[in-house]
Structure formats: C-alpha cells, structure tokens
Trainee: 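Take a look at the following structure, please.
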Amino acid sequence: MAYDTLEDFFGDIVGKARRGLGLSEESLADAAGLSAGEIGRIEAYEFTPGEDGILALAGSLHLDGQKLTRIANGWVPEYGNAPHDDARLSVERTILDAGMEVNAYAMKCKATGEGAIVDAGGQANRILALAERMHLKVTHVLLTHGHGDHVGALAEIAATTGARVCCCERDFGLLGSLKELVTDLVDDGWRTNVGRIAIDAVSLPGHTAGGIGYGADGVFFSGDALFAGSMGGALGPAYAGQISAVTEKALSRDEKTRVFPGHGPITSVAEELKHNPFFAR
C-alpha cells in the first residue's frame with residue numbers, strides 16, 4: 001500500500017484550525033468574508049475558494065496563506081512512500097487498517113540487527129511480517145501516544161517479541177488495561193539505545209496529553225503531533241501548545257531529517273517548514 005494524497009485535505013486543515021481556535025462556522029465566515037454555508041462546504045470537501053478566499057481564511061485562522069494555497073493545489077511530499085536506509089539504520093512502514101489507515105514503522109540497527117516497532121495500531125500479523133522481512137530482533141515498542149488506532153495490536157506484539165514497551169504515563173488513561181504492559185515511562189529528555197542507535201524522546205502534547213516524538217540519526221517519528229502538511233487535532237490551549245512544541249522540538253531539527261508521522265505520507269523537516277500552514281518558518 002502507498003499514499004498518493006495527504007492525510008488531511010484542505011477542508012480538514014480549515015476544520016482543525018477553526019476548532020482548535022474555538023471558532024464557530026459563522027464567526028470564521030464573518031472574519032474571512034465568506035458565508036457559513038461555504039465554510040461548511042469547505043469542511044465537507046465540496047468547495048475550495050479561489051486564492052483570495054484561501055488567503056482570507058488563512059489570515060483568520062492564523063495559518064500561512066501561501067502554504068495553505070499549496071495544499072489546496074495538491075502538494076504532496078516528494079518521497080512520501082520511500083523507506084529510509086543509510087549505513088547505520090533502516091526504517092520501513094506498513095499501512096494498517098485500524099478502522100482508518102494508520103502507519104506502523106520498524107526501525108533496524110544494521111550493526112546489531114536489533115530494532116524497534118513504532119506504534120502497533122492493529123493487524124499484528126502485518127507488523128510481525130514486516131519485522132521478519134527485515135530480519136529484525138524487536139527489543140522495543142515505542143508508542144507515540146495512547147489512542148486505540150496506535151495501540152490495538154500492542155498486547156500481541158509485546159507477547160510475541162518480549163520487547164520493552166515505552167509510553168508516556170500521561171496517556172495511561174487512554175491505554176486502559178494495556179498500561180500494565182508498559183515497562184519504560186517516557187517523557188521529555190528520555191533516552192535509550194536500540195542496538196547501537198541512540199533514541200531521544202521529546203514531549204509533544206496537544207493531540208493527547210502524553211504525545212511523544214522519537215528521534216534518531218536523521219529520522220523522527222512524530223506520531224499524530226505532526227503530519228505531512230497538517231497535524232493531529234487539538235483544542236484550545238492544547239492546540240496552541242502542540243504548535244509550539246512541534247516548532248521547538250521537531251521542526252528545529254536538521255532540515256534533512258525525515259519525518260515519519262502516525263498517518264499519511266512520510267515527509268521531512270525541510271518540506272514541513274516550506275509547506276505546512278500550521279507552522280511559520
């Protein structure tokens with residue numbers, strides 16, 4: 001499976017920003033010079049205004065208008081379906097059906113053959129098949145957050161591999177009984193090694209209170225805090241906090257860093273700085 005579109009379309013971005021700011025359709029329409037009916041049609045994928053309308057919407061939603069225009073015109077990342085492979089590590093993706101399409105990743109230290117699964121949303125057989133194809137000894141399961149579409153296969157993956165399960169305690173309320181499987185509590189500044197690959201964790205709250213991003217040499221797993229061209233939904237202070245955290249802790253990384261999100265195509269720091277309307281360059 002592969003992606004040929006973004007996870008979020010123009011209407012999704014408008015809706016996430018509107019809800020994040022706590023605006024009604026009517027108040028956004030008044031601010032952008034549109035009708036409430038047109039806002040509803042935008043969010044239902046039935047209407048895309050011209051460039052002037054897009055720029056007016058962006059200004060009212062505190063989004064970057066030029067970037068939003070590129071999204072409306074169909075931008076997608078250049079290497080959105082390409083695995084990562086260099087001298088030290090490789091990363092491959094499988095797209096799962098967990099009630100919606102969701103990504104799971106396998107990362108391998110080439111020196112040792114040890115590796116990690118990043119998120120285990122469902123279809124454990126597909127995740128385990130990916131690990132087997134990569135000849136991977138799974139030592140860690142790194143959870144970016146506790147939503148069901150990211151942890152649905154956790155019990156089977158943990159039982160089959162015996163891997164350490166790493167998650168932020170602030171998302172235990174989302175995990176339910178699965179929290180008993182967590183062996184390592186993750187928070188801002190947490191570090192571990194997967195084989196000889198150093199992993200660092202950063203807190204990216206907003207979409208969930210315990211959202212975590214994981215970085216390694218040249219790669220970053222953003223969960224639902226950052227998508228290609230968008231981000232996971234959040235409301236009120238959590239919305240502003242997520243934008244701030246992603247800006248400071250993810251998009252401050254080397255621009256060549258490849259970003260592996262929880263949903264949608266793979267991207268990079270450089271592409272998000274250039275194209276993601278939620279984040280100023």
Trainee: Go through the steps for L57 and I42 under the test side chain to side chain contact (heavy atoms under 4.5 Å, CB included), then give the verdict.
Mentor: CA-CA 11 Å; L57 277 170; I42 287 169; 3.7 Å; yes
Trainee: Are any side-chain N or O atoms of E38 and backbone N or O atoms of S35, one a donor and one an acceptor, separated by less than 3.5 Å?
Mentor: yes
Trainee: Do V91 and F260 pass the side chain to side chain contact (heavy atoms under 4.5 Å, CB included) test, and can you show the C-alpha distance, the side-chain angles, and the key distance before you say yes or no?
Mentor: CA-CA 9 Å; V91 179; F260 295 84; 3.7 Å; yes
Trainee: Can you measure from CZ (F227) to OG1 (T267) and round to the nearest 0.5 angstrom?
Mentor: 12.5 Å
Trainee: Name all residues meeting the side-chain hydrogen bond (donor to acceptor under 3.5 Å, both in side chains) criterion together with E248; count only those two or more places apart in sequence or in a different chain, and write none if there are none.
Mentor: S244
Trainee: Of all residues at least two apart in sequence or in a different chain, which pass the side chain to side chain contact (heavy atoms under 4.5 Å, CB included) check with S268?
Mentor: A270, E271
Trainee: Would you say H145 and D224 are linked by a side-chain donor-acceptor pair, where the criterion is simply a distance under 3.5 Å?
Mentor: yes
Trainee: Might you point out which heavy atoms bring Q123 and A153 nearest each other, and give the distance in Å?
Mentor: N-CB, 4.3 Å
Trainee: Distance only, no hydrogens: is a donor on one side chain within 3.5 Å (strictly under) of an acceptor on the other, for H263 and D149?
Mentor: yes
Trainee: Regarding S203 and R170, is there a side-chain donor-to-acceptor distance under 3.5 Å anywhere?
Mentor: yes
Trainee: Side chain to side chain contact (heavy atoms under 4.5 Å, CB included) with R196: which residues, sequence neighbours excluded?
Mentor: R88, C109, A111, T112
Trainee: Quick one: closest heavy-atom pair of F278 and I243, and the distance?
Mentor: O-CG2, 3.7 Å
Trainee: Test of understanding: with side chain to side chain contact (heavy atoms under 4.5 Å, CB included), list the residues that count as partners of N81, not counting sequence neighbours.
Mentor: A2, Y3, R93
Trainee: Got a second to check how far L89's CG is from I197's CD1, nearest 0.5 Å?
Mentor: 4.5 Å
Trainee: Is there a donor-acceptor contact under 3.5 Å from the side chain of K67 to the main chain of F279?
Mentor: yes
Trainee: Run the side-chain donor-acceptor check on residues 27-34: report pairs under 3.5 Å with partners two or more places apart or on a different chain.
Mentor:
| residue | atom | partner | partner atom | Å |
| --- | --- | --- | --- | --- |
| S27 | OG | S24 | N | 3.0 |
| S27 | OG | S24 | O | 3.0 |
| S27 | OG | S24 | OG | 3.0 |

Trainee: Nearest 0.5 Å please: distance from the CZ atom of R70 over to the NZ atom of K274.
Mentor: 6.5 Å
Trainee: Excluding sequence neighbours, so at least two apart, what forms side chain to side chain contact (heavy atoms under 4.5 Å, CB included) with L55?
Mentor: E51, Q66, T69
Trainee: Within the side chain of T183, is there an N or O that forms a donor-acceptor pair under 3.5 Å with the backbone of V165?
Mentor: yes
